[in-house]
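To start, the structure under review is shown below, and the notes come after it.
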Amino acid sequence: MIRYIRRAAAFCLLLLVALLVNAARVQVFEADTLDDNPANRRTSIDRYDRPRGNILVDGRSVTGSKDTGEQLAYERTYRDGPLYAPVTGYASQTYGTTLIENAEDEVLSGTDPMLAPLPFWNEITRDRQPGGDVVTTIKDSMQRAAYEGLGGRRGAVAAVEPTTGKILALVSTPSYDPGRLSGTGSSVTDAWRELNASTSRPMLNRAIRQTYPPGSTFKIVTAAAALDAEVVTDPDAETDTPSPYVLPGTSTTLPNEARGCERASLAEAIRVSCNTVMAHLGVEVGLDGMVEAVGKFGFNDSGLKIPSGVAKSNFDTDMSDDQLALSSIGQFNTTATPLQMAMVASAVANGGDLMYPHLVDRTTTHSGSTVRTTGSRAYHRAMNPMTAMRLRQMMIDVVRDGTGTNAAIDGATVGGKTGTAQHGIDNSGLPYAWFISWAQAADSGRPAVAVAVVVEDASADRADISGGGSAAPIARSVMEAALED
């Protein structure tokens, strides 16, 4: 009898060991698979059972969380949602996350291992910390100046601190309130459907996710290429550009909106924006030279992140000379985001050194201890320092007595470049009005800001002056805010 009891006890012990082994297998080896299973609602319940960390601008939170009393307890809220939507993105219980809400989700949701008090703490306890905060580089006064300047028109503004790469303003209009997408239910799905169906595309971040033909603002890049390649050695000397200028290998004549462009110098061509001179110089630099030059400014880089991904700004690497001529004045297949063109102005203002643009200054724990600091880092040497010095003066002349006089600020040094990019079949669409610029206070040894503005629906003449008329005043207001900050 005792023998049978012992056998039964041994069998029960074996079953217990098997049960423990299976429990360990499930809890240790299959935990991640079960956590990621779409049918596992516990993950979503756990994700929203505490407040999300916040996104800060100028030390103030532009996000929050509210307890709804529902199973998915905490729902995201936004202060001045439309103003900051191109920065924050949305955090939706139904549609996921975008922009900073997505790129810094681990910090904001409390799952980042760096938030834990000890290494591997979260893995051992299978817990998460209170959501951390994300401190942005955005300046509220500049963000508001850009948003109010656009006035709801389709367009975008990007502003960068040239010496550090900090993004000081990032605006896209028309905008939307990300709080409408935060929760669940019919109101959220209705808002999603309405926003996606809108012809104005309010959820498109035009500042970093939309590319446009940059038009004559691209002439700054071509001028840098021509000076660096020594195709032009004296910016004030006449060029050998005929007027009219016939595109190479074709019978097509390239027109000028400005007068006095025949054999105009590079400096004059920038000041009044001569298409013929800049197209001719692009061809003289050559395809290989232009491709190398544009790459130094960030064109054709599909890996740029701020930390959200930025759409690639394009300059074709294989084209004929007539196409190269058009590309060199920001037409043909040349396209750029507003952030990219702010980087162009930034490189000129910063003596040729282009800093990597970034939107997040640092991340912190819930209690405010720093977790990570982004820091400034060099991106490329966009041009020689002498080239940058010459281009600075040319851009100053544009604002002083050229096409960009609407950007002038009393008591400050301002450089700029206007542009109007034609588009549509036979250029039938309204032009995109561009203005890129930088500003430096009289008592400062370094530039305060570089700005790019694009207005999609500018009702203007198809001339560079429309960039000066529609976009330059917006840039001026952003620069003024930067100088006052």
Side-chain angles (χ1 to χ4, degrees), residues 139 141-151 153 155-162 168-169 171 207 212 214-221 223 257-258 267-273 330 336 338-350 388 391-421 431-442 444 446-455 458 460-461 463-485:
K139 296 297 183 182
S141 60
M142 297 174 63
Q143 186 81 0
R144 291 181 184 278
Y147 186 79
E148 292 168 4
L150 283 167
R153 291 174 292 177
V157 176
V160 178
E161 188 173 62
L168 305 177
V171 171
Y212 304 88
S216 292
T217 58
F218 188 81
K219 292 172 183 175
I220 297 299
V221 179
E257 299 291 345
E268 182 67 7
I270 292 294
R271 188 181 72 84
V272 300
S273 203
L339 177 61
Q340 172 63 76
M341 296 313 296
M343 291 163 63
V344 170
S346 174
V348 174
N350 196 40
L391 283 175
R392 273 178 61 99
Q393 187 57 53
M394 291 181 213
M395 293 181 75
I396 290 171
D397 291 342
V398 168
V399 174
R400 181 179 296 156
D401 58 4
T403 58
T405 55
N406 281 337
I409 299 172
D410 289 341
T413 302
V414 178
K417 182 69 188 80
T418 55
T420 301
Y432 298 138
W434 277 94
F435 192 74
I436 64 172
S437 59
W438 53 267
Q440 183 169 327
S444 175
R446 62 180 190 174
V449 66
V451 183
V453 178
V454 63
V455 183
D461 195 297
D464 278 352
I465 195 64
S466 66
S470 301
I474 301 171
R476 182 185 63 227
S477 65
V478 176
M479 292 186 290
E480 287 174 336
L483 293 167
E484 292 169 2
D485 198 28

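The first residue in the sequence is number 1, and the count goes up from there.
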_Tell me the closest heavy-atom pair linking A471 and A433, and the distance in Å._
CB-O, 3.9 Å
*Apply the side chain to side chain contact (heavy atoms under 4.5 Å, CB included) test between R400 and each candidate in R271, Q393, M395; give the one that qualifies.*
Q393
*Which value, rounded to the nearest 0.5 Å, describes the distance between M341 atom CE and S437 atom OG?*
11.5 Å
_N/O donor-acceptor pair under 3.5 Å between R144 side chain and S141 backbone_ = no
_E268 side chain vs V272 backbone, donor-acceptor pair below 3.5 Å_ = no
*Is there a side-chain contact between V160 and L339, using heavy atoms and a 4.5 Å cut-off?*
yes
*Going from CG on N406 to CD1 on I474, what distance comes out if it is rounded to the nearest 0.5 angstrom?*
11.5 Å
*With sequence neighbours excluded, what pairs up with Y147 under the ring pair (Phe, Tyr, Trp, His ring centres under 6.0 Å) test?*
none
_Run the side-chain contact (heavy atoms from CB on, under 4.5 Å) test against A408 and tell me which residues pass, sequence neighbours left out._
V399
_Rounded distance [0.5 Å steps], CD in E148 versus OG in S477_ = 8.5 Å
*Can you see which heavy atom on I436 is nearest to which on A452, and at what distance?*
CG2-CB, 3.9 Å
*Of the non-hydrogen atoms in A442 and G411, which two are nearest, and what is the gap between them?*
CB-O, 3.3 Å
*Could you grab the distance from atom CG of L391 to atom CG of D397, nearest 0.5 Å is fine?*
11.5 Å
*Taking all heavy atoms of A412 and all of L483, pick out the closest pair and write down the distance.*
CB-CD1, 3.7 Å
*Can you tell me how far CZ of R392 sits from OG1 of T413, rounded to the nearest 0.5 angstrom?*
7.0 Å
_Distance, nearest 0.5 Å, that separates CD of Q340 from OH of Y212_ = 14.5 Å
*Quick one: closest heavy-atom pair of L168 and A448, and the distance?*
CD1-O, 4.0 Å
_Residue pair V344 / T217, side-chain heavy-atom distance below 4.5 Å_ = no
*Atom of V478, atom of A159 and distance for their closest heavy-atom approach*: CG1-CB, 4.1 Å
